[in-house]
Amino acid sequence: FEAAAADGTGPQVVCLRGNHDQMMLDHADGTGDDELWWINGGRQTMAAYAGGEIPAAHVDFLRRTRLAHVEGGFAFVHAGLDPSASVAAN
């Protein structure tokens with residue numbers, strides 16, 4: 001998607017980061033709670049990587065994801081937007 005969006009041949013895509021994505025990034029950075037990630041799919045995720053390491057391209061992709069996207073009067077998030085607060089305050 002990213003390549004097609006970048007060269008204009010495909011749809012424009014905005015990838016949002018979810019909590020599991022953040023846990024994976026935190027694991028890759030060595031800053032996360034690995035036990036929390038393991039019980040939330042991290043074990044299965046790492047088993048899917050034959051070499052036992054997250055490829056740098058996957059980490060780079062996750063770093064480019066957004067926590068939120070606002071467009072056309074709409075706010076898009078993975079979860080947890082407080083409807084009683086402004087988008088900027090969330």
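- In the hydrophobic clustering of this structure, L25 does not group with L16; members are Ile, Leu, Val, Met, Phe, Trp, Tyr whose side-chain heavy atoms approach within less than 4.5 Å, directly or through other members.
- For D29 and R63, the salt-bridge test passes: some basic side-chain N is under 4.0 Å from an acidic carboxylate O.
- For the pair W38 and R43, the tightest heavy-atom approach, listed with the atom from each and the gap, is CE3-N, 3.1 Å.
- T65 contributes atom OG1, which lies 6.0 Å from atom CG of D21 (distance to the nearest 0.5 angstrom).
- Between M24 and V59, every side-chain heavy-atom pair lies at or beyond the 4.5 Å cut-off.
- Proximity of L62 to H58: side-chain heavy atoms (C-beta onward) are nowhere separated by under 4.5 Å.
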Open item on the list: Between D33 and H27, does the side-chain contact (heavy atoms from CB on, under 4.5 Å) criterion hold? Intermediate values first, please.
Closed with: CA-CA 7 Å; D33 179 346; H27 170 77; over 6 Å; no
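- Interatomic distance, CZ of R17 versus CZ of F61, reported as 10.0 Å (0.5 Å rounding).
- In plain terms, the two heavy atoms of I39 and L36 that are nearest each other are CG1-O, 3.3 Å.
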Open item on the list: For H20 and W37: C-alpha separation, side-chain torsions, deciding distance, then whether ring pair (Phe, Tyr, Trp, His ring centres under 6.0 Å) applies.
Closed with: CA-CA 7 Å; H20 292 237; W37 189 51; 9.2 Å; no
Just distance, no hydrogens or angles: give the donor-acceptor pairs under 3.5 Å from side chains in residues 67-82, sequence neighbours left out.
| residue | atom | partner | partner atom | Å |
| --- | --- | --- | --- | --- |
| H69 | ND1 | R66 | NH1 | 2.7 |
| H69 | NE2 | E71 | OE1 | 2.7 |
| H78 | NE2 | N19 | OD1 | 3.1 |
| D82 | OD1 | S84 | N | 2.9 |
| D82 | OD1 | S84 | OG | 2.7 |
| D82 | OD2 | S84 | OG | 3.4 |

